[in-house]
Amino acid sequence: MDLKLTDSACTFYINEIPLQKGDTLRLFVRVGGVGSGGFSVGVIKDSPQKTSYTLNKNGVTFFVNEDDFWYLDGMTIDYNEDFGYLDFYSPKFEQTDHPDLEDEQIKK
């Protein structure tokens, strides 16, 4: 399992939730969506299991449980301060935009 959480994404989660040193935050996947399906990445304060993948940053433990390994393995989570949003990049998923939006952009 290889998950990258940039310093800016870590800082965003710590400030937004807010989190303190010693807190643990689970990153999980919610599968579903309208039309084409898909998934989103959520977060919740929780405790890791023995088999969880853990990543310690700035005194906070971020973790993923086994059920979500496939989706998050190889992913980089970054925070874009200029646009004010989290960016989730994975080479597994070439198409991350809504397919209808892309089709409309192609037509223009």
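Side-chain contact check for T6 and S8: at least one donor-acceptor pair (N or O, by modelled atom type) lies under 3.5 Å.
The shortest side-chain heavy-atom distance between V60 and I14 falls under the 4.5 Å cut-off. Here the side chains of L19 and L25 are in contact, with some heavy-atom distance below 4.5 Å. Looking at F69 and V64, their side chains come closer than 4.5 Å, going by heavy atoms from C-beta outward.
To the nearest 0.5 angstrom, D68 atom CG is 11.0 Å from R30 atom CZ. With rounding to the nearest 0.5 Å, the separation of CG in D73 from CG in L3 is 8.5 Å. Taken from CZ in R26 to NZ in K45, the straight-line distance is 14.5 Å, to the nearest 0.5 Å. Rounding to the nearest 0.5 Å gives a distance of 9.5 Å between CG of N80 and CG of L86. Distance check: D67 CG to L72 CG gives 11.5 Å after rounding to the nearest 0.5 Å. One finds the CG atom of D87 at 9.0 Å from the OG1 atom of T76 (value rounded to the nearest 0.5 Å).
Remark: side-chain polar atoms of S90 are paired, donor with acceptor, to backbone N or O of K92 under 3.5 angstrom. For the pair D23 (side chain) and Q20 (backbone), a donor-acceptor distance under 3.5 Å is present.
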| query | Would V41 and F28 count as a side-chain contact (heavy atoms from CB on, under 4.5 Å) if you check the C-alpha gap in whole Å, the side-chain angles of each, and the deciding distance to 0.1 Å? | reply | CA-CA 6 Å; V41 178; F28 65 93; over 6 Å; no
| request: May I have the step-by-step check of side-chain contact (heavy atoms from CB on, under 4.5 Å) for T11 and Y79, ending in yes or no? | output: CA-CA 9 Å; T11 299; Y79 179 70; over 6 Å; no
| task | List the steps, then state whether side-chain contact (heavy atoms from CB on, under 4.5 Å) holds for M75 with F88. | result | CA-CA 7 Å; M75 184 173 283; F88 301 86; 4.0 Å; yes
| task | Please test V43 against Y13 for side-chain contact (heavy atoms from CB on, under 4.5 Å), starting from the C-alpha separation and ending with a verdict. | result | CA-CA 9 Å; V43 295; Y13 283 126; 3.7 Å; yes
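Across all non-hydrogen atoms, the minimal contact from P91 to G74 is CD-O, 3.6 Å. Considering every non-hydrogen atom in both T24 and F63, the closest pair reads CB-CE2, 4.1 Å.
Scored by the ring-ring contact (aromatic ring centres under 6.0 Å, His included) test, Y53 finds no partners at all (sequence neighbours excluded). The salt bridge (charged side-chain N to carboxylate O under 4.0 Å, His left out) search around D7 returns K57, not counting sequence neighbours.
Under the 4.5 Å side-chain heavy-atom criterion for Ile, Leu, Val, Met, Phe, Trp and Tyr, Y89 and Y85 are members of distinct hydrophobic clusters.
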